[in-house]
There are 2 protein chains.
Amino acid sequence: MAPPNSSGVDNPMSEFPSAPTKLQVLRASNLLNSLTEDQISEVAGASHLAYVERGEIIWLTGNTVDFFGVVGLGFVKMTTTTAAGQDVTTELMGPGQVFGLLGAVDGSGCPQCARAVCNSWYLKVPKRIFMPIFQENVVLKEHLIRRTTNRLRNSHKLITRLSSAKVDQRLASILFMLADSYGVSDGNRLVIQVPLTRQDLSEMAGTTVETTIRVMSQWQKLGWVETQSKTIVILNEGALSALL
Amino acid sequence: MAPPNSSGVDNPMSEFPSAPTKLQVLRASNLLNSLTEDQISEVAGASHLAYVERGEIIWLTGNTVDFFGVVGLGFVKMTTTTAAGQDVTTELMGPGQVFGLLGAVDGSGCPQCARAVCNSWYLKVPKRIFMPIFQENVVLKEHLIRRTTNRLRNSHKLITRLSSAKVDQRLASILFMLADSYGVSDGNRLVIQVPLTRQDLSEMAGTTVETTIRVMSQWQKLGWVETQSKTIVILNEGALSALL
DNA sequence: CAAAGAATATGACGACCGTCATATTGGGGG
DNA sequence: CCCCCAATATGACGGTCGTCATATTCTTTG
């Protein structure tokens, strides 16, 4: 994958999203922005911006990699493939979010696959450079506890939904979760600025593409949601909430 | 609940399990045993052993408590109740395991309900005493990162199962997970020393009691498992594995 | 020991949704 | 512009398992 224009300037002639700078990525990370300026400079200097296209695999489950990632622009999903060949998305990482750091900290490598949801930029932070900094930084450890706790909490919520909710409830719940993190209100419209296919949604909801399409199609006909190529818009929050 | 004999001596006249000592509980915790001897003594001195009976609630979701728990003897399950009134167990804490500490660390209180699976002893550790010790202890923070990461990993595994596996596969998977943590090999028998009802299993497998009973009943008829009042025994690992 | 309650067992029925198939639409590339 | 592929839409069918009901067994309590 030839790197596109990474000068930080939006190039209207190019289809690629403009690359953020390494410093921008690190400063946008609410986990890593607790590093000192010197440490941020050191990490930025040793890191590399990488570009991935939609669907591209960053690493596979069980791979050994010498870096962890920070999403700069776009989204990365953490997935597991079942014995039956079905993909399950356990987490979606958006801009500023770190992925793969825990594997570095506990030496377990890559317990899940990391794959780009859309064309994205991410920062590859070398473990070799980062881990000594991590070892000396108590505040970063505290932040990591909090971040990991938050992720555990979200996992518990997902478990609860998967255990008992009907598919439509699960999908509504996912839309609200996405709106919480990546939604923008625009009048009566709640615009989820994540470019997700029905396949992506189905992997998060523990169902099949066909079922996801059916539910979303019905909601579109009812005027409850609207989808465009890069967004999902919640038009009737009340109706979706009432499903829960 | 009147505290039973807590002298540390097994009383054959009593139906209550014998109480461990506070020091035993702390030393058995692979998270808390990284404290210094002085800190362990301080924590033990300020803590109280508590006894709960089967089904008893230690705290409800949303409660505010001034302690976290360490299981001494028995098991505690962390549950959420759905809008439809169904209980979902996200985690099972056994002897030596800490519950509620993350709520203390991040100030979120009790995001889940803690309930005794069987008659159990646990240590109530006052947050007021513990948190200053925690703040000064980098090794404990590192251990907590690891522990929380491990729990997050296990949650991802559960999510994967719930997303796509059939009920029998889910139950088999849960039996193996339990055997991993709490199983003892005895010849060809893998004895899971956790006293779980079909209700408990169903809450962990995201299904109903009736369905759990059907599956387990069938496996008993096939000679694959055997259940007694306090244990589940895997008799045919191969057959259960083949379901996965 | 007897009674009560909890846990387990089982049957009947139907709803949810997965599977398989086919058609249509939308987006990207040449 | 055309072609190809991916994404979405929809139908038919059937399997899994949830729901409701009832019976039996086991455990606990007085």
Side-chain angles (χ1 to χ4, degrees), chain A residues 2 4 13-17 53-56 82 84-88 115-119 161-172 194-203 205-222 225-232 243, chain B residues 1-2 14-16 53-56 82 84-88 115-119 161-172 194-203 205-222 225-232 243:
Chain A
M13 306 252 185
S14 165
E15 302 285 6
F16 300 125
E53 301 217 316
R54 204 177 110 56
E56 200 172 325
T82 67
Q86 181 172 349
D87 281 350
V88 175
R115 188 189 290 262
V117 168
C118 54
N119 296 348
R161 278 194 321 255
L162 289 169
S163 287
S164 59
K166 295 286 191 314
V167 167
D168 59 352
Q169 292 168 325
R170 299 194 324 247
L171 284 163
V194 193
L196 293 171
T197 62
R198 301 293 184 266
Q199 176 73 31
D200 293 321
L201 287 174
S202 71
E203 287 170 15
T207 185
T208 59
V209 183
E210 291 93 341
T211 299
T212 303
I213 289 168
R214 281 184 227 277
V215 171
M216 293 293 287
S217 187
Q218 180 194 28
W219 288 348
Q220 283 188 122
K221 290 188 172 72
L222 289 169
V225 299
E226 178 180 291
T227 52
Q228 286 142 11
S229 65
K230 298 288 167 76
T231 58
I232 298 171
L243 294 175
Chain B
M1 178 67 240
S14 166
E15 300 286 4
F16 301 124
E53 302 219 312
R54 202 176 113 54
E56 199 171 327
T82 66
Q86 181 171 348
D87 281 350
V88 175
R115 187 189 294 258
V117 169
C118 53
N119 296 347
R161 280 194 320 255
L162 290 169
S163 286
S164 59
K166 295 285 188 323
V167 167
D168 59 352
Q169 292 169 325
R170 302 200 314 254
L171 284 164
V194 193
L196 293 172
T197 62
R198 301 295 185 266
Q199 175 74 29
D200 293 321
L201 287 174
S202 70
E203 286 171 18
T207 184
T208 60
V209 183
E210 290 94 341
T211 300
T212 303
I213 290 167
R214 280 184 229 278
V215 173
M216 292 295 286
S217 185
Q218 180 195 27
W219 288 350
Q220 282 186 123
K221 290 188 170 75
L222 289 169
V225 300
E226 176 181 292
T227 51
Q228 287 142 10
S229 64
K230 298 290 168 77
T231 58
I232 297 170
L243 295 175

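Computed over heavy atoms, backbone and side chain alike; hydrogens, waters and symmetry mates excluded. First the proteins, then the strands, lettered A, B, ... as listed; each starts at 1.
- Here the P atom of nucleotide D/dA6 and the CG atom of A/D200 are 15 Å apart, to the nearest Å.
- No side-chain heavy atom of B/T207 sits less than 4.5 Å from a side-chain heavy atom of B/V215.
- Between A/V167 and A/R214, every side-chain heavy-atom pair lies at or beyond the 4.5 Å cut-off.
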Taking only N/O atoms, report every protein-nucleotides 28-30 of chain D pair under 3.5 Å with atom names and distance.
none

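- Closest of all the heavy-atom pairs between A/A172 and A/L243 is CB-CD1, 4.3 Å.
- In this structure, A/E203 places its CD atom 14 Å from C1' of D/dA7, rounding to the nearest Å.
- The shortest heavy-atom contact between B/A205 and B/L171 is CB-CD2, 3.8 Å.
- Minimum heavy-atom separation, A/V117 to A/P195: CG1-O, 3.7 Å.
- For residues 161-171 of chain B, every residue pair satisfying the side-chain hydrogen bond (donor to acceptor under 3.5 Å, both in side chains) rule, not counting sequence neighbours, is listed here: B/R161-B/S173.
- Place A/Q228 and A/R170 on DNA chain C by their nearest nucleotides, and A/R170 ends up nearer the 5' end.
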List, with names and distances, any nitrogen or oxygen atoms from the protein found under 3.5 Å away from nitrogen or oxygen atoms belonging to nucleotides 8-11 of chain D.
unit_1, atom_1, unit_2, atom_2, d
D/dT8, OP2, A/R198, N, 2.9
D/dA9, OP1, A/Q220, NE2, 3.2
D/dT10, OP1, A/K221, NZ, 3.0
D/dT10, OP2, A/S217, OG, 2.8
D/dT10, OP2, A/K221, NZ, 2.6
D/dG11, N7, A/R214, NH1, 3.2
D/dG11, O6, A/R214, NH2, 2.9

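- Taking both residues in full, the closest heavy atoms of A/N119 and A/E53 are given as OD1-CA, 3.2 Å, listed atom of the first, atom of the second, then distance.
- Spacing between atom CH2 of B/W219 and atom P of C/dT8 amounts to 15 Å, rounded to whole angstrom units.
- When the side-chain nitrogen and oxygen atoms of A/T208 are compared with OP1 and OP2 of C/dG18, one or more of them lie within a distance under 4.0 Å.
- The distance between atom CZ of A/R54 and atom C1' of C/dG26, rounded to the nearest whole Å, is 13 Å.
- Considering A/T227, A/T211, A/T212 in turn, A/T227 is the only one that fulfils the side chain to side chain donor-acceptor pair (under 3.5 Å) rule with A/R198.
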